[in-house]
Structure formats: structure tokens, C-alpha cells
Amino acid sequence: MGILEKISEIEREISRTQKNKATEYHLGLLKAKLAKYRSQLLEPSKSAGAKGEGFDVMKSGDARVALIGFPSVGKSTFLSLMTSTASEAASYEFTTLTCIPGVLEYKGANIQLLDLPGIIEGASQGKGRGRQVIAVARTSDVVIMMLDATKGDVQRTLLEKELESVGIRLNREKPNIYFKQKKGGGLSYNSTVPLTHCSEKLVQLILHEYKIFNAEVLFREDSTPDEFIDVIVGNRVYMPCLYVYNKVDQISIEEVDRLARRPHSVVISCGMNLNLDYLLETLWEYLALICIFTKKRGERPDFSDAIIMRRGASVEHVGTSTKYSPQRVGLTHIMEHEDVIQIVKK
């Protein structure tokens, strides 16, 4: 039996197994096996070099954003509107066959936009060019999931399932679980909070599935077996995602309002240039970028050339902050957007 057949069989067994106290250990083991098989499925084969042509895009600029979505949802049109890159757009499906990069200039930052080929259902199993698309998406700072507003929530559910199955966790924090393999001593199991989803026995069974018999495990939050498996596997990617509903000019005002109120969602129309400014502002917040300006002693700040940094960066990366001239602060001072700094040589 191949890996795909094993995955399908486990998924069927999980779906027909009733969730209760008596089946929690069985379900935990099934999920551990499923995660292991999926990891094996996504390992690149030795002969996959030529098949990845067009996807090996060098990361450039201050941030990378991946445009993911089904065919003909408007990714290529969006890229053409936001950048100087012309990505082929047409009314038929699968017009984008390789990864098309473009650069969006916004608030002094260069943001690399990648128009990826349309994902189809089953991409995580290697259908179409889904495996290459997903590999590029994992290297991005933010995912824009472009959705057709006229097709309801079906596309979103399918794409979330595909990304979830390959270890991409959208709009979620990494589980607060300490895990370390040891050379001996068995299992050291502790928790700082009451646990309602995991027990020592279940943790031990899951570890044994991965041939791990000696480890330290400390739960700092009430995590699920799936989250514990993510920590063991260790290759999960946690990234922000913006759900962008395109073609809202073709639906009712009531439906537009419903979609706009969903968490992490923005409604737009590329065809009528609606709400694109708000999308860019929201994308900037999700990228968590800030602009820092420099000045020389005795001269005015240079507002024409900004240093782009991540929110939470300190003065240690750039120098001495002079937001409130002539204020002096230490290296641990957190920079704010549009701060002006002066480097003082001693």
C-alpha cells in the first residue's frame, strides 16, 4: 500500500471514529501516523529538480507575500494592478503556470509579491504543481489567500485544509510546549496548567509512534494532541494570512458586509479598483514593518531613504534614537514607525 492510500485510510478511520474519552488514545495515534505519512509525502524526490523550474525565485526586498488561490480568482490581475509586473490574466483557468514575482513599493518598503499557480484540491498530495506552490508559500512572511466572493466559503475551506495538511498554520501562534529529546532517562512529563486534551499516557503513545522513548515535555498551555504533534515534527510554519474576497461587485451588499466582518478578511474588487488602498494598509500591519529614517549631526533627517525593520526591533540594530531630539536612549529601546535616528561616533 502506497503513502497516499495509507493517508486516505487513516483519514477515513478518523472521520468515522466517534470522539470521546474512550477513543482519545486511538485518535491521538492515528493523528500521529497521519502527520508522519504526510511529512514523507512532501519530501522532495531526487528526480524533482527539473519539475520545479520556474519556482526557484530568489527572496528579495523587505518582505515576501505569497498570493494563493484557486484558478481565475484574480491573483494575476491584482499583481498587475499593484506592481509593474504583467502577469497573464484571462477568463479561462490555469493561465499562470510558473511563479511570477513582482515588487510592490509601499511606505518606502519593497514588498515582493509572488503570483503562484492556482492551487487545486489535492495539491498537498502532489496534484498539479501544488507541491512547488506550497514550498514557496512556506518561505513567505504573509499569505494572501485570494478568494472568489461569488463562490461562498467553499474555496476557503478547501485551501485551509490543503495548507493545514502540509504544516502551514494560518493566524496561529506556536504551541507553548517545551519539548526536548534526551539520550536516556525515559519520559519527563509536566504541565503548568490543567490539561483537558492531553494526558501523560497519550503523550507517551504519540512519542512512541515517532520512536522517541526519552524526552522532556512541559505543557505551558492546554494544548491539543494535534498541537503536540506539531511540536514533535518541528517543521511547522506559523504565519499571518489575509483572506481577500475579490469580485465583491458581483454580490449583494449584505453578503459584502458579512464577508468584511470575518476575522482577517478584506473585501475588494480588482475589476473596479474597490478597497485596494485598505488592503495595502492592512497588509502593512500584518507584515509588521516600520520605517526608520536617519540623520547626520547638524543636518535635517533624510526622509527620502528609509531603513525598513520589523516591529519590535531595538536601537541595537541601527544606533541611537532621537525621536524627541536630543533624547538619548539605550540599545534596548524599541523603535517606532517613522522614528529618526542619529548614529553618534565616539
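Side chains are part of it too, since the values below use all heavy atoms of this structure and drop only hydrogens, waters and symmetry mates.
The aromatic rings of H264 and Y286 lie perpendicular to each other, with more than 60° between the two planes, well past the 30° mark. Below 30°, between 30° and 60°, or above 60°: for H208 and F213 the angle between ring planes is between 30° and 60°, a tilted geometry.
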Quiz prompt | Derivation of the side-chain contact (heavy atoms from CB on, under 4.5 Å) call for N275 and D277 | solution = CA-CA 6 Å; N275 214 30; D277 289 342; over 6 Å; no
Exercise. Could you check I206 against I232 for side-chain contact (heavy atoms from CB on, under 4.5 Å), going step by step and ending with a plain yes or no?
Key: CA-CA 9 Å; I206 292 173; I232 296 173; 3.7 Å; yes
Practice problem: Evaluate the side-chain contact (heavy atoms from CB on, under 4.5 Å) criterion for residues I68 and L163: first the C-alpha distance (whole Å), next the side-chain angles of each, then the deciding distance (0.1 Å), finally the verdict. | Solution: CA-CA 10 Å; I68 288 180; L163 296 178; 4.3 Å; yes
Quiz item: Taking it one step at a time, do E11 and L34 satisfy side-chain contact (heavy atoms from CB on, under 4.5 Å)?
Solution: CA-CA 8 Å; E11 287 177 335; L34 184 61; 4.0 Å; yes
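Using a cutoff of 4.0 Å between basic side-chain nitrogens and carboxylate oxygens, K6 and E9 are not scored as salt-bridged.
With hydrogens and angles disregarded, a donor-acceptor distance shorter than 3.5 Å links the side chain of D141 to the backbone of R64. Remark: side-chain polar atoms of D222 are paired, donor with acceptor, to backbone N or O of T196 under 3.5 angstrom. A donor-acceptor pair under 3.5 Å links the side-chain atoms of Q155 to the main chain of D148, judged by distance alone. Side-chain N or O atoms of S140 include none that pairs as donor or acceptor with a backbone N or O of V142 at under 3.5 Å. Judged by distance alone, with hydrogens and angles left aside, the side-chain atoms of S265 form a donor-acceptor pair with the main-chain N or O of P263 at under 3.5 Å. Between the side chain of R220 and the backbone N or O of V193 there is no donor-acceptor pair closer than 3.5 Å.
Y278 and I111 end up in the same hydrophobic cluster when Ile, Leu, Val, Met, Phe, Trp and Tyr side chains are linked at under 4.5 Å. A single hydrophobic cluster is seen to contain both L279 and L114, as judged by linkage of ILVMFWY side chains at heavy-atom distances under 4.5 Å, directly or through other members. Put simply, V154 and V267 are part of the same group of oily side chains (I, L, V, M, F, W, Y) that touch within less than 4.5 Å, one to the next. The hydrophobic clustering, which links ILVMFWY residues whose side-chain heavy atoms are closer than 4.5 Å, places I7 and L27 together. Side-chain heavy atoms closer than 4.5 Å link hydrophobic residues (I, L, V, M, F, W, Y) into clusters, and following such links, possibly through other members, connects L81 to L104.
Across all non-hydrogen atoms, the minimal contact from N171 to P240 is OD1-CA, 3.3 Å. Heavy-atom minimum distance, N214 versus G185: OD1-N, 3.4 Å. Nearest approach of L202 to P225, heavy atoms of both residues: CD2-CG, 3.7 Å. When all heavy atoms of T83 and G102 are compared, the closest pair comes out as CG2-C, 4.0 Å. Shown here for N246 and G74, the closest heavy-atom pair between the two residues is ND2-CA, 3.7 Å. Residues N190 and S188 come closest through the heavy atom pair ND2-OG, 4.0 Å.
The shortest side-chain heavy-atom distance between L207 and F179 falls under the 4.5 Å cut-off. Between V103 and L113, the closest side-chain pair of non-hydrogen atoms is not below 4.5 Å. Put simply, the side chain of L158 reaches to within 4.5 Å of the side chain of F70, judged on heavy atoms. Side-chain atoms of D153 and R262, non-hydrogen and from C-beta on, do get closer than 4.5 Å to each other. For the pair F219/Y189, a side-chain contact is recorded, criterion being any heavy-atom separation below 4.5 Å from C-beta on. With a 4.5 Å cut-off on side-chain heavy atoms, I268 and V248 do not count as touching. Counting heavy atoms from C-beta on, the side chains of R12 and I14 never come closer than 4.5 Å. Side-chain atoms of R172 and D230, non-hydrogen and from C-beta on, do get closer than 4.5 Å to each other.
Within 6.0 Å of the OH atom in Y238, the count of heavy atoms belonging to other residues, nucleotides or ligands exceeds 12. Around atom NZ of K247, more than 12 heavy atoms belonging to other residues, nucleotides or ligands sit under 6.0 Å away. For K174, the NZ atom is loosely surrounded, since the number of other residues' heavy atoms within 6.0 Å does not exceed 12.
Rounding to the nearest 0.5 Å gives a distance of 12.0 Å between CD of E254 and CG of L259. In this structure, E209 CD and L30 CG are separated by 9.0 Å, a value rounded to the nearest 0.5 Å. Atom CG in L159 sits 5.0 Å away from atom CE in M145 (nearest 0.5 Å). Taken to the nearest 0.5 Å, the CG atom of L195 stands 11.0 Å off from the OG1 atom of T224. Taken from CD in E164 to OG1 in T157, the straight-line distance is 12.5 Å, to the nearest 0.5 Å. From E13, atom CD reaches atom NE2 of H26 across 3.5 Å, with rounding to the nearest 0.5 Å.
The cationic group of R156 lies under 6.0 Å from the six-membered ring centre of Y243 and within 45° of the ring axis, placing it in a cation-pi geometry.
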